[in-house]
Amino acid sequence: MGKKRKHSETTQSVAQPKKEDAAPERPARTLLGWKDKNQVEDNNNADSPIFRNKEKLLVTCSRRINYRYRHLMLNLVTLLPHCKKDNKVESKETKGATLNELVELKNCSSCLFFECRKHKDLYLWMAKCPNGPSVKFLVSAVHTMEELKLTGNHLQGSRPILTFSANFEKDAHWKLLKEMLLQIFETPKDHRKAKPFHDHVFVFSIVDDHIWFRNYQISVHHNEADKLPRGGLDKMTLIEVGPRFCLNPIKIFGGSFGGPTLYENPLYVSPNQIRALEKKKKAGKFAKKVKAKTRRKMHEMSNPLEPDEFADMWKD
Amino acid sequence: MAMPVNDDTLVEAETEDQREEMSSSESEQDEDVKLTEPSKNAVYNRDALLDKLGDISWPENVEWIHKLSVDVDQEQEVDVNDDLARELAFYTQALEGTKEAFEKFQSMGLPFLRPADYYAEMVKTDGHMVKVKGRLLAEKRKMEEADERRKAREAKRLAKEIQAQKLKERAKQKKEDIESVKKWRKQRQQSGYADNGKDADMGFDFEDGKVFERSNKKRPGVSPGDRSGGKAKLAFGKGKKQKKRDGKNSKFGFGGKKGMKKQNTADTTDDFGKYNKGAVSGNKRKR
């Protein structure tokens, strides 16, 4: 048996390992390659493997969600065959960590989390896991597929065509949002549940700094699968299938469900503030009356009437 | 690349509920809160955003078939509050994008439209689509009914106008007729005819001689259902039964004697051909 070392010696040996034994530090890895430029160059020289989209999406919601918003969530689940639906998550401070764990357990790469507050306001968290980024939206103008006004219908699991308005290329935050929307809403090409035809189109359009979502069925009169009659594209019509909603970006975080804030919407006003303002407007009527009364009193006090000379004239 | 230090976790989201109470009390102090005014201290870390974009984005050489995304230019600014214009903008964006995508599919030689005989599960159930169809039909019916009501109203208005016009025309015609009669009387008086002469009416044409002429279709003294042209009336004096029969004949025509088909005649009585056949066959069976 060898000689026992002193405690101080062991700490020294751990602190200063030999150069040969120490493993080189791993460079930060991204989808494109490594962040180290030399590594990226080496990677480019090598034969690049065929790209495969293995995107998997977890869709879940908070407890006490409104029925309408639940329907919206279920509609998105039917539209996206590459998603997995999970049970409701408690909307607490620790929900970020919980959701990250869930995403990892379900073997997903992205997450849509519908968070309902006060049975009124719906927030949508859109996150790339585990490294981020994540975006928090306020969802408004919700119309679900169940509405009879939306008369279209299309194959379940068919891959959608995504159309983006040109102003997504305007700013850095819009570019990032476009990339996230593209990756989350596009069904992978060789997914087992995906159908081989394209009979609907998703519309993402920026109007008034909000992202508006629409889903249309493509209706074309044709005979064969891949041949259109002459002028067939001109006769093409679109019928809205639904759902439709509007996303107002609040914040973009660097991590998944948290982390440093990369972008904050300067025009965003929380629904709480709006409601408070409306309350204040309603309360304004009464406040005006009270103010008028006090003003009148003050005026009377500051301008007292002069004593009347003839007040005691007829008194005996 | 400098990353911001402010590490915002989800706590800020939770505190929003408490903020409402605060905001209502704060709002008493400053009355004019402008919601549209952008906040001055909003975070915008462009470099970090682009870095994150680089981290998550797909390689640039990815085939279009994986993305299926199309960028469409919006020609003009869209007014958010104008629902129709906004929805039209979305529709045109989708239509242009789809056309572009389909052209790409055709150039790549990929199938993209569902064949008529390809049946698979749809996003909406058949039951739901029946409801949709019912609603559309109900709407169509409503529109048709409204259209009919509108047409009826218009027709009523038109009918009133036409009626008034007809009445005017009749009054005018009457006036003209009276005037023509007066004229005729004047002419007679001038030419020296007596008013009560036998042939007073002869030889005068009023409006081509067709004003007081009886039409040929009306036959005086003949009932409307009489086919004999009034000859049946002459034969009515022969007897009560005959009278009745002749009256009916004149009305419906003589139809021949009825009920003689089943009467026996000498020939049918003498004919025994049918009976012998039966007897022979019966004997054979018995044996």
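Chain letters run A, B, ... following the sequence lines, proteins first, then strands; residues in each count from 1. Quick caveat, the model's predicted, so the values are computed rather than measured.
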| task | With a 4.5 angstrom heavy-atom cut-off, could you sort out which part of B:V62 is near chain A: side chain, backbone, both or neither? | result | side chain

| message | Report which part of A:K178 has an atom under 4.5 Å of a heavy atom belonging to chain B: side chain, backbone, both, or neither. | response | side chain

| request: Report the residues that fulfil side chain to side chain contact (heavy atoms under 4.5 Å, CB included) with B:E139, sequence neighbours left out, ordered by chain and then residue number. | output: B:R135

| B:E63 portion near chain A, given a 4.5 angstrom heavy-atom threshold | neither

| query | In chain order, what residues pass the side chain to side chain contact (heavy atoms under 4.5 Å, CB included) check against A:K120, with sequence neighbours excluded? | reply | A:R275

| remark: Okay, A:I252 and chain B: the region with an atom under 4.5 Å from a heavy atom over there is side chain

| query | Quick one: what part of B:A101 sits under 4.5 Å from any heavy atom of chain A, side chain, backbone, both or neither? | reply | side chain

| said: Any non-hydrogen side-chain atom of A:Y268 less than 4.5 Å from a side-chain atom of A:D209? | reply: no

| field | Which of B:A94, B:A120, B:G97 touches chain A most, by non-hydrogen pairs under 4.5 Å | value | B:A94

| field | Trace of the ring-ring contact (aromatic ring centres under 6.0 Å, His included) decision for A:F253 with A:W125 | value | CA-CA 10 Å; A:F253 298 101; A:W125 285 84; 5.6 Å; yes

| query | Between CZ of A:R244 and OH of A:Y216, what distance do you get to the nearest 0.5 Å? | reply | 7.0 Å

| task | Step through the shown structure and confirm whether more than 12 heavy atoms of other residues, nucleotides or ligands are within 6.0 Å of CG on B:L84. | result | no

| Counting a contact as any heavy-atom pair under 4.5 Å apart, which residues of residues 144-152 of chain B contact chain A? | none

| message | Please report whether the ring centroid of B:Y118 lies less than 6.0 Å from that of A:F197. | response | yes

| said: Determine whether a donor-acceptor pair (N or O, by modelled atom type, separation under 3.5 Å) exists between the side chain of A:S62 and the backbone of A:E115. | reply: no

| message | Within 45 degrees of the ring normal and closer than 6.0 Å to the centroid, is that where the cationic atom of A:R117 sits relative to A:Y123? | response | yes

| field | Contact leader toward chain B among A:G157, A:G255, A:G242, A:P133, where contacts are heavy-atom pairs under 4.5 Å | value | A:P133

| To the nearest 0.5 Å, what is the distance between CD (B:Q165) and CG (B:L158)? | 10.5 Å

| message | If I measure from the heavy atoms of chain B, does A:T237 come under 4.5 Å with its side chain, its backbone, both, or neither? | response | both

| remark: Per-residue tally against chain A (heavy atom, under 4.5 Å) across B:L53, B:D79, B:L50 peaks at B:L53

| query | Where is the tightest heavy-atom contact between A:R159 and A:T187, given as atom of each residue plus distance? | reply | NE-O, 2.9 Å

| said: Which one wins on heavy-atom pair count under 4.5 Å against chain A: B:V132, B:V123, B:L95? | reply: B:V123

| query | By a 4.5 Å heavy-atom criterion (distance strictly below it), what part of A:E169 contacts chain B: side chain, backbone, both, or neither? | reply | side chain

| task | Could you tell me which portion of A:P160 (side chain, backbone, both or neither) has an atom closer than 4.5 angstrom to a non-hydrogen atom of chain B? | result | backbone

| query | Where does A:I239 contact chain B at under 4.5 Å (heavy atoms): side chain, backbone, both or neither? | reply | neither

| said: Report which part of A:I250 has an atom under 4.5 Å of a heavy atom belonging to chain B: side chain, backbone, both, or neither. | reply: neither

| Could you state the interatomic distance from CZ (A:F164) to OG (A:S205), rounded to the nearest 0.5 Å? | 11.0 Å

| task | Let me know if A:F204 has heavy atoms under 4.5 Å from chain B in its side chain, its backbone, both or neither. | result | backbone

| said: Quick check for you: to the nearest 0.5 Å, what is the distance between A:N53 atom CG and B:W58 atom CH2? | reply: 4.0 Å

| task | Can you see which heavy atom on B:T98 is nearest to which on A:L238, and at what distance? | result | OG1-CD2, 4.3 Å

| request: Please flag which part of A:N167 lies under 4.5 Å from any non-hydrogen atom of chain B: side chain, backbone, both or neither. | output: side chain

| Non-hydrogen atoms of chain B under 4.5 Å away: do they reach the side chain of A:I218, the backbone, both or neither? | side chain

| note | With chain B, the option among A:T151, A:T78, A:D171 that has the most non-hydrogen atom pairs under 4.5 Å is A:T151

| message | Once side chain to side chain donor-acceptor pair (under 3.5 Å) is applied, do any residues pair with A:H143, and if so which ones, sequence neighbours excluded? | response | A:E147

